[in-house]
Amino acid sequence: MKAIFHIDVNSAYLSWEAMDRLKRGERLDLRKVPSVVAGDPKKRNGIILAKSIPAKKYGIKTGESLMEAFQKYNKLIVLPPNYGLYMGCSHAMNEIFKEYTPLVQRYSVDESFMDYSDMEHLFGEPLKVAHEIKDRIREELGFTVSIGVSTNKLLAKMGSDLKKPDAVVTLYPDEIERKMWPLPVEDLFMVGRRTGPKLHNMNIHTIGDLAKTDVEFLERVLKSHGVMIWRYANGIEDSKVLGGRREIKGIGNSTTIPYDVTEKEDAYLVLLSLCETVGMRLRAGGYTARLVSIGIKTSQFFYYSHQRKVDTPTNHTNTLYEYAKELFDEAWQKEAVRHLGVRVSELEDAGVTQLTLFEDTEKYERGKRLDETIDRLRMKYHHTCVFRGSFANTKIKPLQGGVGEEDYPMMSSLL
DNA sequence: TCTGGGGTCCTAGGACCC
DNA sequence: TCTGGGGTCCTAGGACCC
């Protein structure tokens, strides 16, 4: 029998923070009061990353600014994010899943799929196993999850959204009409902030409305996306639960700068700090990249990007930086810059790097050895132990963006 | 006391080649 | 000295996810 589970940690960042503080002897359970995990408004990234259920009751939403949240409830408790903690909790949870089946797909830090098809003989009926997993996570790890149980990933995912916290919900095909069709269409996976309003304009308001709409009409107006959401509305989806590791497609780091940048030299410094982390992650993964792109967000929140294929795939910090500067110069319209990003894609195996004719192999080898040496020092001591002199006496941090923890889950918007 | 950072995939238009 | 279509590569931008 087909049995797919989707496990979703309830208010993940907030629950994990609350649990960690209880373990450290704090008396107050943050899950029981209006509280949020949020960035720092002083650094201009003060948005809500997670909220407690009591905070939700005041209308506080993930993604809105701290200011907006305070206007809804002025005694809100605000906690900074702690990504290391989240990684640990996520890992512990996934270890439990793997006791039941090797087919575990980590969809994000707080969501996983499990394929428990045809395994009743091992641990019992799917519904019983789902309850067992949910209860074990609560008892052994101290946080709660919602588990959706069905015959495919889409329905399992939609199911896990139906009840929280600490719940197991089935959403089998014969339950779609009763449990899923009455929901507003924007609750459907893959109907986001652009498609939702478009559908309402077409008089499609519920998932049921969408399911009963002519699919050829949807294809005409929304292209392949229209066909996909129509299939989802009807519970049709057959992708596999991808166990193990998956090929990574690209690596990028970006950052909001605490002040608006108007000087090219300041932008260069930020780009260098981003190239450092992107380069480290490339090298740590054994990749080179054939495509380099930069992104610029202006103080007016206008975003644009510029990219270029490179003739020799690279993972050298300095080479990435040369390209990033060049791309920035070509793209920048001299507006005040709020946010900068560097991303590489079209990754290749670093082992097979082929120099183009006429390339300076001497210089190449020196650059490679320098990167390797710095990576080793940063690994052995602390990533802040070596930094470029150009960052001295500036307000820019020498490294910016995550440095790719071994275990960082693949993010993907595809099932 | 203003709006994050990490991803994936799709589409459209222009260049270029046959 | 006119008409053209198909295929692929490259780039920019947009949509979605957590």
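Residue numbers start from 1 in every chain, and the chains themselves are labelled A, B, ... in the order their sequence lines are given, proteins ahead of strands. Please read all numbers here as calculations on a predicted model, not as lab measurements.
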**OP:** Identify, residue by residue, the members of residues 329-342 of chain A with a heavy atom below 4.0 Å from DNA chain B, and return them in order of residue number, or none.
**Re:** A:R338, A:H339
Original post:
Who passes ring-ring contact (aromatic ring centres under 6.0 Å, His included) against A:Y323, sequence neighbours left out?
Top reply: none
Subject >> ring-ring contact (aromatic ring centres under 6.0 Å, His included) partners for A:W181, two or more places apart >> reply: none
Subject >> Nearest listed nucleotide, side chain of A:S108, among C:dA12, B:dT3, C:dC18 >> reply: C:dC18
Any protein N or O atoms within reach of nucleotides 7-10 of chain C? Criterion: under 3.5 Å, listing atom names and distances.
unit_1, atom_1, unit_2, atom_2, d
C:dC10, OP2, A:K309, NZ, 3.0

Subject >> Sugar-phosphate, base or nothing in reach of A:L66, heavy atoms under 4.0 Å >> reply: nothing
Subject >> Secondary structure string for DNA chain B (Watson-Crick or G-U under 3.5 angstrom, | for other-strand pairs) >> reply: ....||||||||||||||
Subject >> By ring-ring contact (aromatic ring centres under 6.0 Å, His included) - contacts of A:Y321 (at least two apart) >> reply: none
Original post:
What pairs meet the side-chain hydrogen bond (donor to acceptor under 3.5 Å, both in side chains) rule with one or both residues in residues 93-104 of chain A, with sequence neighbours excluded?
Top reply: A:N94-A:S112, A:E95-A:K98, A:E99-A:R136, A:Y100-A:E132, A:Y100-A:R136
**OP:** Apply side-chain hydrogen bond (donor to acceptor under 3.5 Å, both in side chains) to A:H205 and list each qualifying residue two or more places apart in sequence or on a separate chain.
**Re:** A:H200, A:N203
Subject >> Qualifying ring-ring contact (aromatic ring centres under 6.0 Å, His included) pairs with a residue from residues 281-304 of chain A, counting only residues at least two apart or across chains >> reply: A:F302-A:Y304
**OP:** Identify which nucleotide among B:dG5, B:dT1, C:dC17 has an atom closest to any side-chain atom of A:M190, counting heavy atoms from C-beta outward.
**Re:** C:dC17
**OP:** For A:Y86, enumerate each residue passing the ring-ring contact (aromatic ring centres under 6.0 Å, His included) test, keeping only those at least two apart in sequence or located in another chain.
**Re:** A:Y13, A:W16, A:Y83
Original post:
By side-chain hydrogen bond (donor to acceptor under 3.5 Å, both in side chains), which residues pair with A:S65, not counting sequence neighbours?
Top reply: A:E68
Subject >> Pair listing, side-chain hydrogen bond (donor to acceptor under 3.5 Å, both in side chains) test, anchored in residues 209-228 of chain A, at least two apart >> reply: A:T206-A:D209
